[in-house]
Amino acid sequence: METPSSIGAGSEPEARAAGLLAATEGLRASTRAQMNGSWVSLVGFGLLALAAAPIARYAFNFGAHGRSINSYPAFAYAELTGLCVVHEPGTPCLKGEFDGAFLRFVGWGVWFALLPLAWFVFARWYRLRGEARGVVPRRGVWLSTTAIAGVVITGALLCLLFARRQPWEVVLLENSYASPWYLVGIGLLALGAAERNWTAAAAGIAHALLLTAYLGASWGTGWLPWQHPAHPGWTDGPQAKAVLLATVLLAAGLVERAAARRRAAPGSADAGTVAP
């Protein structure tokens, strides 16, 4: 028969273990709060998207020239080599048909270099910032989280494409659209998962889904992908779509920045953390 003393002795290690787990979880939460760098990536990529808005027709692949991505390098090569096309026998060769194709190719292709470079710069800043605060982010965690985020977004897009057989989804596959801006959504989802920051994760998912909706919409749709305005205005053009994508990131960044300041304010639960 167990005595009260033996019961108390048995529950003491369990209480100590529970307290240790609670302290560990509190330390992890405090560490994530001290890093608190999600708002920088949200605002930074939002500003990049805003800077790309004037050339959104090419940067985001929203324009008629980019309905098939093969047109960008092929047309650029045709302009550089001076290729001319005879559309019908007996008609003159048209030499100026590919004018501006190289600039369109650059306006689209440069983002395949700029966006990974921006993530590299952010990752380097994030690590140096963490080391200065006594926190060293582990590379393995980031790589695995990024891989999982990429699989999640890719799987969600594939489910969207194959589960619902709609015409725009079939066209999306047939034209093999490509946009480097998916790197933004994947990276933000990975960052949000690593920091337990659901604002960044939600912004990354929303950005990827909105980008897919615009890429998959048939030519001539407005800022609402399912509408074909009879008299399209500026709000229905590619620039407005790019501004909307940038707004998603900037709004989430400002919300997260305000939350970071609130957590660092005196008297808050996380007042011991360092403000960014």
Side-chain angles (χ1 to χ4, degrees), residues 44-80 97-119 149-150 153-154 156-158 160-162 166-189 203-229 232-250:
F45 284 103
L47 292 176
L48 274 178
L50 201 60
I55 56 170
R57 186 179 301 275
Y58 318 119
F60 291 89
N61 198 18
F62 289 158
H65 293 91
R67 301 311 282 178
S68 174
I69 61 171
N70 297 326
S71 65
Y72 282 123
F75 287 5
Y77 176 79
E79 182 187 15
L80 292 177
E97 190 170 0
F98 300 104
D99 288 352
F102 181 75
L103 291 179
R104 291 193 291 269
F105 170 74
V106 172
W108 169 71
V110 69
W111 299 100
F112 283 92
L114 286 181
L115 292 176
L117 180 61
W119 272 120
I153 286 185
T154 303
L157 295 178
L158 289 177
L160 180 66
L161 292 175
F162 290 108
Q166 294 185 1
W168 69 268
E169 294 155 353
V170 178
V171 172
L172 179 66
L173 293 175
E174 290 176 350
N175 288 277
S176 44
Y177 298 157
S179 177
W181 293 88
Y182 279 112
L183 294 175
V184 175
I186 292 174
L188 288 175
L189 178 57
I205 294 174
H207 186 274
L209 291 178
L210 188 60
L211 179 63
T212 301
Y214 285 147
L215 286 176
S218 59
W219 179 244
T221 55
W223 69 276
L224 294 175
W226 56 87
Q227 290 186 350
H228 289 73
W234 184 88
T235 56
D236 299 307
Q239 289 83 8
K241 298 174 182 177
V243 170
L244 184 58
L245 285 168
T247 302
V248 170
L249 302 180
L250 290 173

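Atom set for the values below is all heavy atoms of this structure, side chains included, hydrogens, waters and symmetry mates excluded.
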Contacts of Q239 that satisfy side-chain contact (heavy atoms from CB on, under 4.5 Å) - sequence neighbours left out: W234
For a 4.5 angstrom cut-off between non-hydrogen side-chain atoms, does L211 reach Y182? yes
Over all atoms of both residues, closest heavy-atom pair of W181 and A59: NE1-O, 3.2 Å
Identify the two heavy atoms, one from I55 and one from G107, that lie closest to each other, and give their separation to 0.1 Å. CD1-O, 4.2 Å
Partners meeting side-chain contact (heavy atoms from CB on, under 4.5 Å) with L114 (sequence neighbours left out): V110, W111
Are the side chain of W108 and the backbone of L103 linked by a donor-acceptor contact shorter than 3.5 Å? no
Starting from the C-alpha separation in whole Å, work towards a yes-or-no answer on side-chain contact (heavy atoms from CB on, under 4.5 Å) for Y58 and V106. CA-CA 9 Å; Y58 318 119; V106 172; over 6 Å; no
Close side-chain approach of H207 and L188, heavy atoms under 4.5 Å: no
Nearest 0.5 Å, what's the CG-OG1 distance between L210 and T247? 10.0 Å
Heavy-atom side-chain contact between N61 and Y72 under 4.5 Å: yes
Examine distances only and state if a side-chain atom of W119 and a backbone atom of L183 form a donor-acceptor pair shorter than 3.5 Å. yes
Which heavy atom of A101 sits nearest to which heavy atom of A76, and what is that distance? CB-N, 3.8 Å
L50 meets the side-chain contact (heavy atoms from CB on, under 4.5 Å) criterion, sequence neighbours left out, with V243, A246, L250
Can you check whether Y214 reaches F60 side chain to side chain, under 4.5 Å on heavy atoms? no
Between L48 and A118, what is the shortest heavy-atom contact and its length? CD1-CB, 4.0 Å
Output, in order, the C-alpha distance, side-chain angles, deciding distance and verdict of side-chain contact (heavy atoms from CB on, under 4.5 Å) for F105 and F75. CA-CA 8 Å; F105 170 74; F75 287 5; over 6 Å; no
D99 backbone acceptor or donor facing E79 side chain under 3.5 Å: no
Contact summary for A113 and P116, nearest pair of heavy atoms: O-CD, 3.5 Å
Nearest heavy atoms of A206 and V248, plus distance in Å: CB-CG1, 4.2 Å
